[in-house]
Amino acid sequence: MIARLNDAEITAALPDVPGWTRNGDGIERQYRFADFVTAFAFMSRVALLAEKADHHPEWSNVYNKVDVRLTTHDAGGLSARDFALAKAIDG
Ligand SMILES: C[C@H](O)[C@H](O)[C@H]1CNC2=NC(N)=NC(=O)C2=N1
């Protein structure tokens, strides 16, 4: 089982993922694109990253906006996997 990060570890990890904000047991970011096709292309790319990492986002899409929330269900909170996926998404 992956370890749940404590508050100090989360605070230390957040500067590594600029643009992401902590909200309770998750980190969140909103992406905005030119149009739906570009937003969906982003989602397709992230879906492949998520499958590869076996770590999946909670997300929603409205036209050109994609809201992404990362949390680790197996840990009951944030884990290193969330920060790794956030970096991969933005990398
Ligand atoms: C069996 C499978 O490895 C697990 O259910 C994975 C899949 N994707 C996951 N994604 C997220 N966000 N949290 C998890 O705990 C998780 N667990």
Side-chain angles (χ1 to χ4, degrees):
M1 158 105 54
I2 180 89
R4 179 183 173 146
L5 300 177
N6 64 33
D7 279 335
E9 290 167 330
I10 293 166
T11 302
L14 273 170
D16 290 341
V17 287
W20 291 82
T21 317
R22 183 182 180 186
N23 184 359
D25 283 337
I27 51 172
E28 298 176 347
R29 179 163 187 182
Q30 183 178 79
Y31 297 85
R32 192 179 296 235
F33 300 94
D35 53 27
F36 174 75
V37 169
T38 318
F40 197 80
F42 167 79
M43 294 178 80
S44 299
R45 185 174 69 78
V46 172
L48 294 177
L49 288 174
E51 237 345 75
K52 195 171 160 195
D54 191 28
H55 196 66
H56 303 88
E58 299 175 2
W59 57 4
S60 65
N61 160 241
V62 177
Y63 182 51
N64 65 331
K65 286 185 232 156
V66 182
D67 287 289
V68 183
R69 176 176 170 85
L70 300 177
T71 187
T72 302
H73 307 120
D74 294 342
L78 278 161
S79 76
R81 284 184 195 159
D82 299 304
F83 289 92
L85 184 56
K87 282 180 212 161
I89 289 171
D90 291 339

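Every heavy atom of this structure was used, including side-chain atoms; hydrogens, water molecules and symmetry mates were not. As the structure lists them, so they are numbered: ligands from 1, and atoms in each ligand from 1.
Atom 14 (C) of ligand 1 is flagged as protein-proximal [any protein heavy atom, distance under 4.0 Å].
Every atom of ligand 1 is numbered from 1 in the order shown, and the set under 4.0 Å from a heavy atom of Thr72 is 13 (N), 15 (O).
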Checklist entry - Can Asp54 and Arg81 be said to form a salt bridge (Lys or Arg N to Asp or Glu O under 4.0 Å), step by step? => result CA-CA 9 Å; Asp54 191 28; Arg81 284 184 195 159; over 6 Å; no
Next on the checklist: Determine whether Arg22 and Asp82 satisfy the following criterion, salt bridge (Lys or Arg N to Asp or Glu O under 4.0 Å), listing intermediate values before the conclusion.
Outcome noted: CA-CA 11 Å; Arg22 183 182 180 186; Asp82 299 304; over 6 Å; no
Checklist entry - Between Met43 and Val68, is a side chain to side chain contact (heavy atoms under 4.5 Å, CB included) present by the stated rule, with each step listed? => result CA-CA 10 Å; Met43 294 178 80; Val68 183; over 6 Å; no
Checklist entry - Between Ile89 and Trp20, is a side chain to side chain contact (heavy atoms under 4.5 Å, CB included) present by the stated rule, with each step listed? => result CA-CA 11 Å; Ile89 289 171; Trp20 291 82; 4.3 Å; yes
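Interatomic distance, Asn64 CG to Arg32 CZ, rounded to the nearest 0.5 Å: 6.5 Å. How far OH of Tyr31 is from CG of Asp90: 3.5 Å, rounded to the nearest 0.5 Å.
Here's the thing with Asp54: one of its N/O atoms is less than 3.5 angstrom from an N/O atom of ligand 1. Between Asp82 and ligand 1, no pair of N/O atoms sits closer than 3.5 Å.
Of all protein heavy atoms, the one lying nearest to atom 10 (N) of ligand 1 is His56 N, 3.0 Å. Nearest to atom 17 (N) of ligand 1 among the protein's heavy atoms is Asp74 OD2, 3.1 Å.
Look at Thr71 and you'll find a heavy atom under 4.0 Å from some atom of ligand 1.
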